[in-house]
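Everything below concerns the one structure shown next.
Order of appearance sets the numbers: ligands from 1, and atoms from 1 within every ligand. We're numbering straight along the sequence, starting at 1.
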Amino acid sequence: MTHQPALPTLAAADPEIAGLVEDEARRQHDKIRLIASENYVSRAVLEATGTVLTNKYSEGYAGKRYYEGQQNIDPVETLAIERAKALFGTDHANVQPYSGSPANLAAYLAFAKPGETVLGMALPDGGHLTHGWSVSATGKWFNAVRYGVRKETGRVDLDQVRDLAREHRPKLIFCGGTAIPRTIDFPAFAEIAREVDAVLVADIAHIAGLVAGGAHPSPVGHAQVITTTTHKTLRGPRGAMILSDAEHAKAVDKAVFPGLQGGPHNHTTAAIAVALGEAAKPEFGEYAHQIVANAKALAEALTERGYDLVSGGTDNHLLLVDLTNKEIGGKPAAQALDRAGIELNYNTVPFDPRKPFDPSGIRLGTGAITTRGLRPEHQPKVAEWIDRAITAAATDEQSTVDTVAAEIREFLGAYPIPGYTA
Ligand SMILES: *Cc1c(COP(=O)(O)O)cnc(C)c1O
């Protein structure tokens with residue numbers, strides 16, 4: 001039993017669950033984890049999430065709660081808020097959203113009415129479900145208009161954003177997404193939003209750690225409202241925050257509670273505060289820049305091996321690879337890679353001719369491997385493993401996949417993770 005912190009009581013009380021947690025800790029240790037939305041949190045963050053704060057109800061906000069006994073919870077939440085405001089340089093922060101999707105729902109509730117028009121990035125082009133995609137509540141309850149990327153460049157088509165904004169006059173414009181390998185031009189979005197009098201929401205879920213660490217431009221001063229998860233590059237617990245200017249603060253708070261949620265998850269709030277404290281340290285700035293350096297090195301190494309990167313490369317933590325020229329779909333490639341010890345997800349690429357459940361691409365991110373200490377000089381090796389596994393999958397050759405998995409396990413022994421000791 002080697003999960004960290006150790007779980008002796010859980011192992012005695014519920015060996016079935018404890019065993020699965022242990023297996024998951026080992027799995028996270030033994031794989032090159034390239035899922036762009038994942039990371040490894042610190043031991044301190046893990047400890048904070050496993051505390052008695054989970055026992056407490058705290059509907060409301062510090063000083064205005066609907067339950068007694070907030071002597072310790074109020075200062076925890078206030079610390080998280082103050083650290084978020086200081087780290088990102090915003091007037092206001094709400095740290096209560098349960099996750100990224102409810103944080104975005106709160107933005108709709110605050111600034112649009114059902115049936116009103118919103119403008120967001122299309123899911124297949126890199127947007128998030130909650131930016132108005134048809135199967136999402138946000139696409140069903142609002143009149144969602146969608147922009148995309150240019151076919152020639154793979155980059156956001158700002159002319160289309162401007163044209164659609166002028167034509168449809170949305171209440172809300174979302175920028176940011178889940179599969180955008182390039183820098184988001186917040187000033188350009190802000191200019192468009194200003195022209196049509198829309199609230200600009202920057203959803204920085206993927207890049208929050210890069211923004212905090214100075215490795216991506218900040219939306220502050222451009223977007224009135226900023227939503228983010230806390231568990232991706234920011235390297236906190238699963239959770240979310242909404243940051244805003246002073247003018248929009250009250251509407252944001254009212255939308256989160258009582259508009260959308262009941263009691264905040266106080267154990268998560270504490271862990272968010274811890275993660276924000278970590279992100280304020282100079283080492284975190286180095287971490288953020290190292291994430292980008294690793295992604296650029298991996299992009300270069302994959303390009304050398306003939307892989308076709310959407311937009312031709314990356315500015316951030318994320319790579320989107322179109323596998324069409326490798327004659328394998330994203331799904332079989334991702335499955336073979338998982339067997340080979342490389343974990344990522346299949347993904348649509350812009351203008352994908354294949355179906356969303358069996359698309360042409362794979363998405364990779366370097367947040368987690370950078371936490372582990374992998375550096376740019378390791379990326380040619382990572383690219384070689386990826387290439388060998390994909391080539392083996394295309395030719396149905398299982399022994400290569402097994403060899404790669406063994407090589408990776410051996411290699412990763414030198415790169416410990418916070419939640420496990422081998
Ligand atoms: C991850 C993500 C979300 C949603 O976060 P969940 O915590 O999974 O609900 C929202 N927006 C973007 C851009 C994301 O990448």
| message | Whether Lys85 and Asp91 form a salt bridge (side-chain N of Lys/Arg under 4.0 Å from carboxylate O of Asp/Glu) is what I want to check. | response | no

| query | Which pairs, with at least one residue in residues 268-287 and sequence neighbours excluded, count as a ring pair (Phe, Tyr, Trp, His ring centres under 6.0 Å)? | reply | Phe284-Tyr287

| Under-4.0 Å salt bridge between Asp358 and Lys331 | no

| remark: Residue pairs passing the ring pair (Phe, Tyr, Trp, His ring centres under 6.0 Å) test with at least one member in residues 176-202, sequence neighbours excluded, are Tyr147-Phe189, Phe186-His216

| task | Anything with a heavy atom under 4.0 Å from ligand 1 counts, so go ahead and list those protein residues by chain and number. | result | Ser99, Gly100, Ser101, Asn104, His128, Gly177, Thr178, Asp203, Ala205, His206, Thr229, His231, Lys232

| said: So that I can tick it off, tell me whether Asp125 and Arg146 are bridged by a salt bridge, with the cut-off set at under 4.0 angstrom between side-chain N and carboxylate O. | reply: no

| Excluding sequence neighbours, so at least two apart, what forms side-chain hydrogen bond (donor to acceptor under 3.5 Å, both in side chains) with Thr324? | Asp322

